[in-house]
Amino acid sequence: KRSRLIVDRRESTLAESGDFLIPRAEGAIDDRHILGELGDVLTGAVRGRERDTDVTLFKSLGLAVEDLAAAHHVAERAEASNQGISIELGGRRASLE
């Protein structure tokens, strides 16, 4: 209740996040409890933490674009440092001949 709530996407949180919707239905918080989206923090439009005593909570609903961005970042870092192995995923590929 005393946390500074940051979400990945406001619309998704308001529509499907039980972690938000249940306390809202109980009257503990309301829609204004969401300070902004992660992108707002990254661009500086919203401050994630203002004091050492702040509790900042990030609620992620697992948007696919976030998963893809994280996987891309990890793969690039692994390739740049010559770590890991590369494997094909997804079954048969059609021949281009």
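Owing to the predicted nature of the structure, the values given are computational and were not obtained by experimental measurement.
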*Where Gly18 and Pro23 come nearest, the two heavy atoms and their spacing*: O-CD, 3.8 Å
*When hydrophobic residues are tied together by side-chain contacts of less than 4.5 Å, even through go-betweens, does Leu5 share a cluster with Val55?*
no
_For the CG atom of Asp19 and the OG1 atom of Thr13, what is their distance to the nearest 0.5 Å?_
9.5 Å
_Apply side-chain contact (heavy atoms from CB on, under 4.5 Å) to residues Glu50 and Arg4 and explain how you reach the verdict._
CA-CA 10 Å; Glu50 296 178 340; Arg4 299 173 46 78; 3.8 Å; yes
*For Asp8 and Ser60, which heavy atoms make the closest approach, and how far apart are they?*
OD2-OG, 3.3 Å
_Leu35 side, atom CG; Asp40 side, atom CG - distance, nearest 0.5 Å_ = 10.0 Å
*Rounded to the nearest 0.5 Å, what's the gap from CZ on Arg47 to OG1 on Thr56? Could you check?*
10.5 Å
*Are any non-hydrogen side-chain atoms of His72 and Arg77 less than 4.5 angstrom apart?*
no
*Is there a path from Leu57 to Leu14 through hydrophobic residues (I, L, V, M, F, W, Y) whose side chains come within less than 4.5 Å of each other?*
yes
*Ignoring hydrogens and geometry, is there a side-chain-to-backbone donor-acceptor pair from Glu37 to Arg10 under 3.5 Å?*
yes
*Looking at Asp54 and Arg49, does any basic side-chain N land under 4.0 Å from a carboxylate oxygen?*
no
_Evaluate Phe20 against Asp31 for side-chain contact (heavy atoms from CB on, under 4.5 Å), listing each step before the verdict._
CA-CA 9 Å; Phe20 175 80; Asp31 293 356; 3.8 Å; yes
*Please name the pair of heavy atoms, one in Lys59 and one in Ser17, separated by the smallest distance, quoted to 0.1 Å.*
CE-OG, 3.2 Å
*Give a yes or no on whether a salt bridge exists between Asp30 and Arg24, defined as a side-chain N under 4.0 angstrom from a carboxylate O.*
no
*Is Val7 reachable from Leu61 through a run of I, L, V, M, F, W or Y residues, each pair having side-chain heavy atoms under 4.5 Å apart?*
no
